[in-house]
Amino acid sequence: MRKREDFTEWYPEVIEKANLSDKRYPIKGMNIWTPYGWKTMKLIDGFIRREFDATDHDEVYFPLLIPETEFKKEADHIKGFEEWVYWVTHAGTTELDVRLLLRPTSETAMYPVFALWVRSHADLPLKVYQIVNVFRYETKQTRAFMRVREIHFFESHTCHDSFEDAERQIQQNVEIIERLSKEYCLPYILCKRPEWDKFAGAAYTIGIDSLMPTGRTLQLGSIHQYKTNFSEAYNITYEDENGQHKPVHQTTFGMAERLLGAVIAVHGDDKGVMFPPQIAPIQVVIVPILAKGSKTAVKNECQEVYHELKEAGLRAHLDDRDLRPGNKFYDWEAKGVPLRIEIGNQDIQAKAVTVVRRDTGTKDMIQRNHMMSKIKDLVNQIQTEMMDLGEKEMRENTHLVTSLDETKPGILMMGWCGEGSCGHEIEDQTGMSVLGEPVGHEEYSGKCIICGNDTKTPICVAKTY
RNA sequence: GGGCCCGUGGGGUAGCUUGGUAUCCUUCCAGCUUGGGGUGCUGGUAACUCGAGUUCAAAUCUCGACGGGCCCA
């Protein structure tokens, strides 16, 4: 399995070897979450929940089906989505008068109800989120976790009494992404998408992109400023202190299992996937080394170590399968477990355990009496080192260019006058996509790479998935 | 949006041109053996995507559907 040479084969192969997903379900783009894959996704979701609960969002669950009549209320939104929608046209043998669609996202499910929930300025801000499946009829090539038709989706929706308050929400979302990226060890860039690539119905869109080993970027999620585009269509209004009725300002924030796909792509190697400790379903695996004469002692010691790790709050697993140790080593490396503890007669004699790191492969004997503190240190160390490595790789593949002759794989940063025609020209000449203006970029002064006019706006450009 | 290729046990494959008995590796199950980086042996389970057509006979030829993948825009 050679990640660098042949990513398109490597990626599905490591997913299969790690048993994260079963793609044999007979519908394109609808894969099965296996127990191991789902455990990881639940850990990823857990951090999202924690962040949104801590920032005063409430979790909700809206129905999967949306009536056609509600879906059609915001013109731009329908135009953007109609080609992607699955329809329910029949109930039993009866053809439905009002067709129902499987949510491709939940604006049109939530907003008619928001109109009922929001009455006065005291009801604002309204901040909710849900973690649900959404359906989009992808016609392109599907790929586990990266492009699927049934999407494991996170979405937050907020309503505010002013544009400024909605902007503050977007700022908070930016801070949340920064914290989440540390848990997932995923470097990213935020770019304000150009007009022609914003979300259907949005005033503006911020894309969250991560760089894959192929030099293409993968969009992990997005933040949208809706202003009053939807609230006017759905009549979500509030009464202010002066008795005036006004439409609310809205934002959304969405991410999906692409987070998992990106972790696999960024951190996996030729041995298989590699999980950052925070989202590893198993953080430490214990492999007994059994030999004639010491079997019972080794088994007992393994049990003891296992319980100690569990009590210390680590996700530990004791591999007592009847297989050769070498076989187990390969297995757990393919599954991406960050730490492996080997316990054999030699370790017992030395009052120690052998610890091997998945990321570096380094093998150390550590004394039994300070095993726990050492293991905890290693877990933290692996987490930060994986993040650093990811960031370094993204930095090294981000290039500032002043001419389109200098294009190379990765993320290119260049000057842009802001004109749509010049933006499209960049895309035509390079075969890449304009990701947009990096959010919070340093002061920039240069020339538009197409027309040569002075500009203070840099943009990021990359091949995308 | 346009073009091209592919579909054989759980995974990977041979066979297809020239129609007739489906190959090998791996996984899985049972037993023995082994045990600090993929033990070895014996036995077993298990497949031609679906539908229509041509034919005495279809994995093989034709058409369609479904599924998988590639290239260009």
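Every value quoted in this text rests on a predicted model; they were computed, and no experiment measured them. Protein chains get the first letters and strands the later ones, always in sequence-line order, with residue 1 at the start of each. Hydrogens, waters and symmetry mates are skipped; everything else that's a heavy atom, side chains included, is used.
B/U34 is unpaired under the Watson-Crick or G-U wobble criterion, no partner having all donor-acceptor distances under 3.5 Å. With a 3.5 Å ceiling on both atom-pair distances, B/A46 lacks any Watson-Crick or G-U wobble partner. Partner assigned to B/A22 is none, using Watson-Crick or G-U wobble distances below 3.5 angstrom. Checking B/U13 for Watson-Crick or G-U wobble geometry (two distances, each under 3.5 Å) identifies no partner in any strand.
B/G38 sits 40 Å from B/C4 when the C1' atoms are compared, rounded to a whole Å. When the C1' atom is compared between B/C50 and B/A59, the two are found 14 Å apart, to the nearest whole Å. B/G7 and B/U13 are spaced 10 Å apart, taking the P atom of each and rounding to whole Å. B/C5 and B/U62: their P atoms are spaced 12 Å apart (whole Å). Only the P atoms considered, B/U23 is 14 Å distant from B/C16, to the nearest whole Å. For the P atoms, the distance linking B/A47 with B/G10 amounts to 7 Å, nearest Å. With P as the reference atom, B/G3 and B/G64 are 14 Å apart, rounded to whole Å. If you take atom P in B/C24 and the same atom in B/C61, they sit 23 Å apart, rounded to whole Å.
Atom CG of A/D319 and atom C1' of B/G38 are 14 Å apart (whole Å). With rounding to whole Å, A/E13 atom CD is found 14 Å from B/G69 atom P. The CD1 atom of A/I32 sits 14 Å away from the P atom of B/G10 (whole-angstrom rounding). With rounding to whole Å, A/D22 atom CG is found 14 Å from B/G68 atom C1'. Rounded to an integer number of Å, the gap from CD1 of A/I27 to P of B/A65 is 18 Å. For the pair A/W10 CH2 and B/G69 C1', the computed distance is 19 Å after rounding to whole Å. When the P atom of B/G38 is taken as reference, atom CH2 of A/W332 falls 18 Å away, rounded to whole Å. Rounded to whole Å, atom P of B/G68 lies 9 Å from atom CG of A/N31.
Every residue two or more places apart in sequence or in another chain that forms a side chain to side chain contact (heavy atoms under 4.5 Å, CB included) with A/R99 is listed here: A/E68, A/W87, A/T89. Considering only residues two or more places apart in sequence or on other chains, A/Y11 meets the side-chain hydrogen bond (donor to acceptor under 3.5 Å, both in side chains) condition with none of them.
A cation-pi arrangement, defined by a distance under 6.0 Å to the six-membered ring centre and an angle within 45 degrees of its axis, is present between A/R136 and A/F153. At least one cation-pi condition fails for A/K73 and A/Y111: the charged atom is not both under 6.0 angstrom from the six-membered ring centre and inside a 45 degree cone around its axis. A cation-pi geometry, defined here as NZ or CZ lying under 6.0 Å from the six-membered ring centre and within 45° of its normal, does not hold between A/R147 and A/Y465.
Between the A/E155 side chain and the A/V132 main chain, no donor and acceptor come within less than 3.5 Å of each other.
One side chain, A/T8 or A/D6, offers a donor N or O that lies under 3.5 Å from an acceptor on the other. With hydrogens and angles left out, the side-chain atoms of A/T105 and A/E107 include a donor and acceptor closer than 3.5 Å.
Toward the 5' end of RNA chain B, the nearer of the two residues A/R149 and A/T139, judged by each one's closest nucleotide, is A/T139.
Residue-level contact check: A/G29 touches the backbone only, with heavy atoms under 4.0 Å from sugar-phosphate atoms and none from bases.
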**Study point:** Under 4.0 Å protein heavy-atom contact, by nucleotide of nucleotides 27-37 of chain B - B base, S sugar-phosphate only
**Key:** -------BBBB
